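Naming: A, B, ... by sequence-line order, numbering from 1 per chain. Just so you know, these numbers come straight off a predicted model, no measurement behind them. Atoms considered below: every heavy atom in the structure, side chains included; atoms not considered: hydrogens, waters and symmetry mates.
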Amino acid sequence: MMTGSIWLPLGSLASIAMLVWFSYALGFRGRRTLSGDDELMALTRAYGGARDFVVDANRASAIAMLHDGRVFLCKVVGNAIVTRVYSKDEIASAADYRSKRDDVRGISLKFKAHGFPSLKLEVPGEVLPQWFEDLKRK
Amino acid sequence: MPDTPDWAKAPILAIAIFATIFFTIAEMLKTRRSNPGAYEYRDTAASLLMGFGSLVAGLIYAGAHLAIILGAYELRLFNIGWTWWALIICFFAVDLRYYISHRLAHEHRLWWASHVAHHSSQHFNLSTALRQSWTDLFGIGFWVGLPLYFIGFPPAMVILFTGITAAYQIWVHTEQVKTIGPLEWILNTASHHRVHHATNPQYIDSNHGGFLIIWDRMFGTFVAEDESDPCQYGITSNLGTFNLARIALHEWIAMGQDVRKAQSLRDAFWYVFGAPGWTPDGSRETSRTMKEKWAREKWACDSETIVPAE
């Protein structure tokens, strides 16, 4: 009985490891990136469009300031794109930091929602937009 | 359960798990070239590990569930044995129970908080079938099933059909089967279940059936797959993480945060028992408001294209 109860979870975990390895080996590795500024603008259109945005140097995430003052977030998760629109009140913290790369600046946002907890970007250039500075001071 | 016939002791879920592993590999091989986006290894890992967590949680709950079941059966109204007519009625009753509990799980936040984990993948493949809740102790399915034991259906019979319904539903999580002909009228199929997992406004909160689709057709929740509106899978606010604890608990935490900031007991009640997305000021969308908006836009669009008769 005891042996059986051990084999069930062990067998399940071994099967899971085998299937995940198989999906990785077959090339299901999620190479999706944001194709360009046009794609980001198209994504924000449903929310009235963006007045400004910053895109990650690796095109894995982006933040846009919408015309109505809300913040549009875009993140590549696996091979899918996830977007959220938050008011400034729903942002827990915003910070910027020096990246290891000289040509980019790091941005980090944390949110109150547990289903979309954080977003990190490496933005080309030294100067960050004024609206991001405002988010940091919030 | 000494009166249970031997044939009813078949390890249905174990057979289903082995079949799922086999068909998952087959689906990966088939979609590898035709649809390289069908699987994603981290999404697959999250789905399978959610299934593992659900299995462990189920084993933990099993004792409590079994005690409640046997308690209810002790108070039974009738002594229903393993007769052919009891099997037929029990099959339909268990499937109707599944429809009711599944519909409640979509329409009320308390139970959606548990069920949302199953819908949280933006992919739709056989691994998605195993992405199950860890918090089913608080889910609605078990409680909706209790009247069957009070009536007097043998617990093993109800558990058998519950297992069959659960095992049947694994295969419907695929894009590889388009339709299965006239059986689409009666059975829950891959086509119907694709619609169920879609977030397109016209599809949302439809096709809750387990084995049979007849309940959706009877109670007005059936929506057919429309090739001109391809299914967009996931939830209306998709998750930005593969973290298992966040997948399992994010809606419970969000509900708790809403209840904490509620201005009145009435608001707190509706944050828990209202539709997912309910707010006192209507600032968030519910499935009903999304469907109404979609219908209005479609009506306006259709009206523009109508050419008045000469």
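Proximity to chain A (any heavy atom under 4.5 Å) is restricted, for B:Leu55, to the side chain, taken from C-beta onward. For B:Ala45, the parts lying under 4.5 angstrom from a heavy atom of chain A are both the backbone and the side chain. Within the 4.5 angstrom heavy-atom criterion, only side-chain atoms of B:Ile253, from C-beta onward, approach chain A. Heavy atoms closer than 4.5 Å to chain A are found in both the backbone and the side chain of B:Glu40. Contacts of B:Arg42 with chain A are made by side-chain atoms alone, with heavy-atom separations under 4.5 Å and no backbone atom involved. For B:Thr31, the parts lying under 4.5 angstrom from a heavy atom of chain A are both the backbone and the side chain. Contact of B:Gln257 with chain A is made through the side chain alone, with heavy-atom distances under 4.5 Å. If you measure heavy-atom distances from B:Asn125 to chain A, you find no contacts under 4.5 Å at all. Looking at B:Leu59, the atoms closer than 4.5 Å to chain A (heavy atoms on both sides) all sit in the side chain, from C-beta outward.
Annotation: side chain of B:Phe52 is in contact with side chain of A:Leu13 (closest heavy-atom distance under 4.5 Å). At least one side-chain heavy atom of B:Tyr233 sits under 4.5 Å from a side-chain heavy atom of B:Glu175. Using a 4.5 Å heavy-atom threshold, the side chains of B:Tyr271 and B:Pro280 count as touching.
The environment of B:Trp171 atom CH2 is dense: over 12 non-hydrogen atoms of other residues, nucleotides or ligands sit within 6.0 angstrom. With a 6.0 Å radius and a threshold of 12 heavy atoms from other residues, nucleotides or ligands, B:Gln263 has its CD atom at or below the threshold.
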Candidate pair A:Val71 and A:Val85, rule side chain to side chain contact (heavy atoms under 4.5 Å, CB included), full reasoning
CA-CA 6 Å; A:Val71 182; A:Val85 174; over 6 Å; no
Could you walk me through whether B:Trp112 and B:His119 pass ring-ring contact (aromatic ring centres under 6.0 Å, His included), step by step?
CA-CA 10 Å; B:Trp112 174 244; B:His119 285 265; 5.7 Å; yes
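Chain B is approached within less than 4.5 Å, heavy atom to heavy atom, by A:Lys75, A:Val77, A:Gly78, A:Asn79, A:Ala80, A:Ile81, A:Val82, A:Arg84 from residues 74-84 of chain A, ordered by number. Within residues 41-68 of chain A, no residue has any heavy atom under 4.5 Å from a heavy atom of chain B.
Scanning both residues, A:Lys120 and A:Tyr97, for their nearest heavy atoms gives CD-OH, 4.1 Å.
With chain A as partner, the option from B:Asp43, B:Leu49, B:Leu130, B:Leu249 having the largest number of non-hydrogen pairs under 4.5 angstrom is B:Leu49. Most heavy-atom pairs under 4.5 Å with chain B, from the set A:Pro117, A:Ala17, A:Ser12, A:Ser118: that is A:Pro117. Put simply, of B:Ser237, B:Ala38, B:Gly37, the one with the most heavy-atom pairs under 4.5 Å next to chain A is B:Ser237.
Screening B:Arg32, B:Gln176, B:His173 for a side chain to side chain contact (heavy atoms under 4.5 Å, CB included) with B:Glu27, the sole residue that qualifies is B:Gln176. Checked options A:Tyr24, A:Trp21, A:Phe28; the residue passing with B:Tyr41 is A:Tyr24 (criterion: ring-ring contact (aromatic ring centres under 6.0 Å, His included)).
Taking the six-membered ring for Trp and thresholds of 30 and 60 degrees, A:Phe111 and A:Tyr86 have ring planes inclined between 30 and 60 degrees apart. Ring pair B:His196/B:His106 is perpendicular by interplanar angle, where above 60° counts as perpendicular and below 30° as parallel.
Checked against the 6.0 Å centroid threshold, B:His108 and B:Trp278 do not count as a close aromatic pair.
For the residue pair A:Asp96 and A:Ser108, no side-chain donor N or O sits within less than 3.5 Å of a side-chain acceptor on the partner.
In this structure, the separation between CD1 on B:Ile247 and OG on B:Ser120 is 5.0 Å, given to the nearest 0.5 Å.
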